[in-house]
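This report concerns only the one structure given below.
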Amino acid sequence: MTKKQVYNFAPGPAMLPADVLVQVQAEFLDYRGTGMSIVEMSHRSKEFGGIAEESERDLRGLLAIPKNYKILFLQGGATSQFAMAPMNLLASGGTGDYLHTGIWSGKAIDEARRHGKVHIAATSEAQNFMIIPARATWRLSENPAYLYYAANETIGGVEFQTVPEAGEIPLVSDMTSNFLSRHFDVSRFGVIIAGAQKNIGPAGLVVVIIREDLIAKPSEHLPTLYDYAVMAENGSMYNTPSTFGWYVAGLVFKWIRDQGGVAAMERNSIARSDKLYKTIDDSGFYHNPVAPEHRSRMNIPFTLADESLNDAFLKEAKANQLVELKGHRSVGGMRASMYNAMPQAGCDALVEFMLDFEKRHG
Ligand SMILES: *Cc1c(COP(=O)(O)O)cnc(C)c1O
């Protein structure tokens, strides 16, 4: 492997599998004998058509996506879907119910309010977003068009461990930061949103999996690029898609398949996160504030007992090839993001460093 070796704990854009980056490099100048780079190639070409088809087929295989769901490869990141979902799903005047569990669901709520009627079915704001509100406390509206939740709050480090019970109400879920890291049953969802930059590929791309009956007819009122019907009818190629991002996403899907699929990603993420949480909980020096049953496997914020050591921690970590551990500006402290591409060896190296740092400074 020729890639320079640091373990990158960034929340996103984040680490990609080294094997994928090496392959991208190897075929970058001449994509499989075409004499062209992937970034020079028409999205209408036979080659790109093959990339689009295979990536969809591979993703369907990874998640056993039923036939009555469309997969869209759109632009604008996950944030575009904070608007696109309500614009489409509330177009005929319904209410969108939301679970408010942190900063990302909060942003989705703020955006949805610009496009339709929003009802907050539950919020953990009073608990500083350190828990997920118990199902029994949710107050759904009369007849909601959907129930929205962020499956993993990337900043707070809070994750739904199960899919919420919502009966017949279509679930709309932002899975940007835990997509393909755990098993879930696609048929329980109306819309799944997965921005690429955490677990799939380059920033800018967003994968949307949507149940066909939720796709209306093309609308005269929506911006064309924000109309699910138009994008679905045109195979996500109404305009030029993010060809490079889509190509890399396709390689990541194949990489996951070759590693043993989503089940393998889930086993790995349990092993990594268990090890880091245990290190934190066993120490009197590190602390994670999230209720244990709601802790994220992907994003693990933690603080040091003595905050004046933060800079030393980051500096020494970097000297040990452990980078991007600084916590989000709204939370402070540290955050270790360990997505699918993070090797166990990266987690092991972080734990070893943390134990050593505690021994010297704790
Ligand atoms: C990162 C993130 C987003 C935003 O992604 P962009 O690519 O910046 O639009 C949305 N939701 C969650 C849960 C995220 O982690």
Side-chain angles (χ1 to χ4, degrees), residues 8-16 72-87 96 98-115 123-124 129-130 132 146-161 163-164 171-182 184 189 191-210 225-226 231 236 241-242 244-246 248-249 252 265 269 273 290 294-301 324 326-331 335-342:
N8 176 5
F9 293 90
M15 235 176 137
L16 287 173
L72 309 178
F73 290 81
L74 307 180
Q75 304 178 56
T79 304
S80 70
Q81 298 307 305
F82 295 172
M84 192 167 177
M87 281 170 124
Y98 281 73
L99 303 179
H100 190 194
T101 55
I103 288 178
W104 285 114
S105 51
K107 287 193 178 199
I109 289 165
D110 289 346
E111 185 66 25
R113 286 196 166 117
R114 303 161 72 102
H115 305 289
T123 173
S124 52
F129 301 119
M130 292 303 154
I132 291 189
Y146 60 84
L147 174 64
Y148 180 104
Y149 74 105
N152 182 61
E153 288 282 3
T154 320
I155 294 170
V158 173
E159 183 172 12
F160 282 77
Q161 304 301 326
V163 175
L171 284 171
V172 177
S173 184
D174 177 2
M175 295 195 186
T176 296
S177 52
N178 67 355
F179 193 59
L180 297 172
S181 75
R182 58 165 66 225
F184 61 92
F189 291 86
V191 183
I192 292 164
I193 296 161
Q197 52 152 313
K198 315 280 161 70
N199 253 331
I200 307 179
L205 179 76
V206 54
V207 175
V208 175
I209 304 171
I210 180 166
L225 285 184
Y226 273 55
M231 296 319 262
S236 307
S242 168
F244 182 72
W246 195 337
V248 176
V252 171
M265 296 299 108
S269 81
S273 57
V290 178
H294 303 308
R295 284 173 166 179
S296 169
R297 293 178 189 160
M298 297 277 107
N299 311 95
I300 303 183
E324 299 285 350
K326 195 175 163 77
H328 189 266
R329 58 191 181 280
S330 69
V331 179
R335 172 174 45 165
S337 296
M338 300 190 289
Y339 299 111
N340 286 338
M342 174 61 68

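Order of listing sets the numbers, starting from 1, for every ligand and every atom in it. One is the number of the first residue; the rest follow in order along the sequence. Just the heavy atoms: all of them, side chains too, but no hydrogens, waters or symmetry mates, feed the values below.
Every ring-ring contact (aromatic ring centres under 6.0 Å, His included) that F184 has, sequence neighbours left out, goes to F189. Not counting sequence neighbours, the partners of F129 by the ring-ring contact (aromatic ring centres under 6.0 Å, His included) test are H100. Residues passing the side chain to side chain donor-acceptor pair (under 3.5 Å) test with S124, sequence neighbours excluded: none.
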Just list the N/O pairs, ligand 1 to protein, that are under 3.5 Å apart, with the distance for each.
from, atom 1, to, atom 2, distance (Å)
ligand 1, 7 (O), Q197, NE2, 2.8
ligand 1, 8 (O), Q197, NE2, 3.3
ligand 1, 9 (O), A78, N, 3.2
ligand 1, 9 (O), T79, N, 2.9
ligand 1, 9 (O), T79, OG1, 2.6
ligand 1, 11 (N), D174, OD2, 2.6
ligand 1, 15 (O), T154, OG1, 2.4
ligand 1, 15 (O), K198, NZ, 2.5

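In terms of modelled atom types and a separation under 3.5 Å, the side chain of N178 and the main chain of E159 share no donor-acceptor contact. Of the possible polar contacts, none joining the E324 side chain to the P11 backbone as a donor-acceptor pair under 3.5 Å is found.
Classified by interplanar angle (parallel below 30°, tilted 30° to 60°, perpendicular above 60°), the ring pair F73/W246 is parallel.
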